[in-house]
Amino acid sequence: MIRFTSENIDIPSWLTEHRMELTTWLQSVAADYGFRVGNLTYILCDDERILEVNRQFLGHDYYTDVITFDYTTPSCLNGDIFISLDTVKSNAQEVGATIQKELCRILVHGLLHLTGQGDKTPETKAEMTRKEDLALNKLHILTI
């Protein structure tokens with residue numbers, strides 16, 4: 001089950017409108033990597049909340065776009081994924097993308113972390129971006 005919740009913000013209306021399509025897409029991406037989706041919760045929040053989570057659970061004192069908590073079992077993705085919509089919006093502006101496209105990129109980014117994909121080195125970061133792009137190419141519900 002994939003859930004979209006929020007803390008300190010409203011969930012964007014277009015996400016609510018396309019919830020089923022996004023869920024199907026994310027399940028399809030998981031299947032591409034040999035996983036099924038168990039319990040996956042996306043928590044959309046503001047910068048202050050993600051900073052609080054980053055400090056409390058990771059000991060980091062900086063803003064970020066996504067924090068993934070992994071509870072995955074060998075064949076089933078389970079996790080909580082915090083996403084700062086504030087940072088998603090600023091990232092979208094920085095790279096010249098729509099907010100919808102950038103949010104979809106971050107949705108799949110968190111899921112890819114659950115499949116084992118890292119992004120700490122230049123090589124793994126490039127591989128993550130390649131996999132994000134492949135996944136985004138499968139998403140046909142929005143003009144992204």
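FYI, side chains are in, hydrogens and waters are out, and symmetry mates aren't considered; it's all heavy atoms of this structure.
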>> Could you check whether any side-chain heavy atom of Leu15 comes within less than 4.5 Å of a side-chain heavy atom of Leu103, counting everything from C-beta outward?
In response: yes
> Under a 4.5 Å side-chain heavy-atom rule over Ile, Leu, Val, Met, Phe, Trp and Tyr, are Val66 and Leu77 clustered together?
Replying inline: yes
> What do the steps show when you test Ser84 against Asp65 for side chain to side chain contact (heavy atoms under 4.5 Å, CB included), and what is the final call?
Replying inline: CA-CA 5 Å; Ser84 169; Asp65 48 7; 5.6 Å; no
> Shared ILVMFWY cluster between Ile67 and Ile83, side chains joined below 4.5 angstrom?
Replying inline: no
> Roughly how far, to the nearest 0.5 Å, is the OG atom of Ser75 from the CZ atom of Phe35?
Replying inline: 8.0 Å
>> In terms of relative ring orientation, are His113 and His109 parallel, tilted or perpendicular, with 30° and 60° separating the classes?
In response: perpendicular
>> Are more than 12 heavy atoms, taken from residues, nucleotides or ligands other than Asp10, located less than 6.0 Å from that residue's CG atom?
In response: no
> Is the backbone of Tyr62 close enough, under 3.5 Å, to the side chain of Asn54 for a donor and an acceptor to pair up by distance?
Replying inline: yes
> Where is the tightest heavy-atom contact between Ile81 and Leu111, given as atom of each residue plus distance?
Replying inline: CD1-N, 3.8 Å
> Can we say Asp133 and Arg105 salt-bridge, meaning some charged N sits less than 4.0 Å from an Asp/Glu carboxylate O?
Replying inline: yes
>> Does any part of the side chain of Gln27, heavy atoms only, come nearer than 4.5 Å to the side chain of Ile2, both counted from C-beta?
In response: yes
>> For Glu132 and Leu112: C-alpha separation, side-chain torsions, deciding distance, then whether side chain to side chain contact (heavy atoms under 4.5 Å, CB included) applies.
In response: CA-CA 8 Å; Glu132 291 167 359; Leu112 288 169; 4.0 Å; yes
> With distance as the sole test, does Trp25 use its side chain to make a donor-acceptor pair with the main-chain N or O of Leu136 at under 3.5 Å?
Replying inline: no
>> Same cluster or not: Leu85 versus Ile11, using hydrophobic residues (I, L, V, M, F, W, Y) connected whenever any side-chain heavy atoms lie under 4.5 Å apart?
In response: yes
> Would you find more than 12 non-hydrogen atoms of other residues, nucleotides or ligands less than 6.0 Å from Gln93 atom CD?
Replying inline: no
>> I'd like to check Val29 versus Leu134 (side-chain heavy atoms, cut-off strictly below 4.5 Å). Are they in contact?
In response: no
> Any side-chain heavy atom of Glu102 sitting closer than 4.5 Å to one from Val95?
Replying inline: yes
>> Are Cys45 and Asn8 packed together at the side-chain level, in the sense that at least one heavy-atom pair is separated by less than 4.5 angstrom?
In response: no
> Within the distance-only criterion (no hydrogens, no angle test), does the side chain of Asn78 pair as donor or acceptor with the backbone N or O of Asn39 below 3.5 angstrom?
Replying inline: yes
> Can you hop from Val53 to Tyr71 via hydrophobic side chains spaced under 4.5 Å?
Replying inline: yes
> Shortest non-hydrogen contact from Thr68 to Gly110?
Replying inline: OG1-CA, 3.6 Å
> Could Lys125 and Asp119 be called an ion pair, given the rule that one side-chain N must be under 4.0 Å from one carboxylate O?
Replying inline: no
> Short question: side chain of Gln117, backbone of Thr124 - any donor-acceptor pair under 3.5 Å?
Replying inline: yes
> Any side-chain heavy atom of Met1 sitting closer than 4.5 Å to one from Val37?
Replying inline: no
> Do the non-hydrogen side-chain atoms of Asp32 and Thr115 ever get within less than 4.5 Å of each other?
Replying inline: no
> Taking 4.0 angstrom as the limit, do Glu52 and Arg55 come out as a salt bridge?
Replying inline: no
> What is the distance from atom OG of Ser13 to atom NE2 of His18, rounded to the nearest 0.5 Å?
Replying inline: 8.5 Å
> Which heavy-atom pair separates Asp80 from Ile43 by the least distance, and what is that distance?
Replying inline: CB-CD1, 3.9 Å
> Going from OG1 on Thr121 to CD on Glu123, what distance comes out if it is rounded to the nearest 0.5 angstrom?
Replying inline: 4.5 Å
> Shared ILVMFWY cluster between Ile50 and Leu107, side chains joined below 4.5 angstrom?
Replying inline: no
> Between Lys138 and Ser28, which heavy-atom pair has the shortest distance, and what is it?
Replying inline: NZ-OG, 2.7 Å
> Taking atom types as modelled, is there a side-chain donor on Asp70 or Thr72 under 3.5 Å from an acceptor on the other?
Replying inline: yes
> Aromatic rings Tyr42 and Phe4: how do their planes relate, parallel, tilted or perpendicular, breaks at 30° and 60°?
Replying inline: parallel
> Atom CD1 of Ile106 and atom OG1 of Thr87: how far apart are they, to the nearest 0.5 Å?
Replying inline: 9.5 Å
>> To the closest 0.5 Å, what do you measure between CZ (Phe82) and CG (Leu44)?
In response: 10.5 Å
> Closest approach of Thr98 and Ala92, non-hydrogen atoms and distance?
Replying inline: O-CB, 3.7 Å
> Would Leu51 and Asp61 count as a side chain to side chain contact (heavy atoms under 4.5 Å, CB included) if you check the C-alpha gap in whole Å, the side-chain angles of each, and the deciding distance to 0.1 Å?
Replying inline: CA-CA 7 Å; Leu51 179 61; Asp61 191 23; 4.0 Å; yes
>> Just verifying a value: how many Å separate Ile99 CD1 and Lys89 NZ, rounded to the nearest 0.5 Å?
In response: 5.5 Å
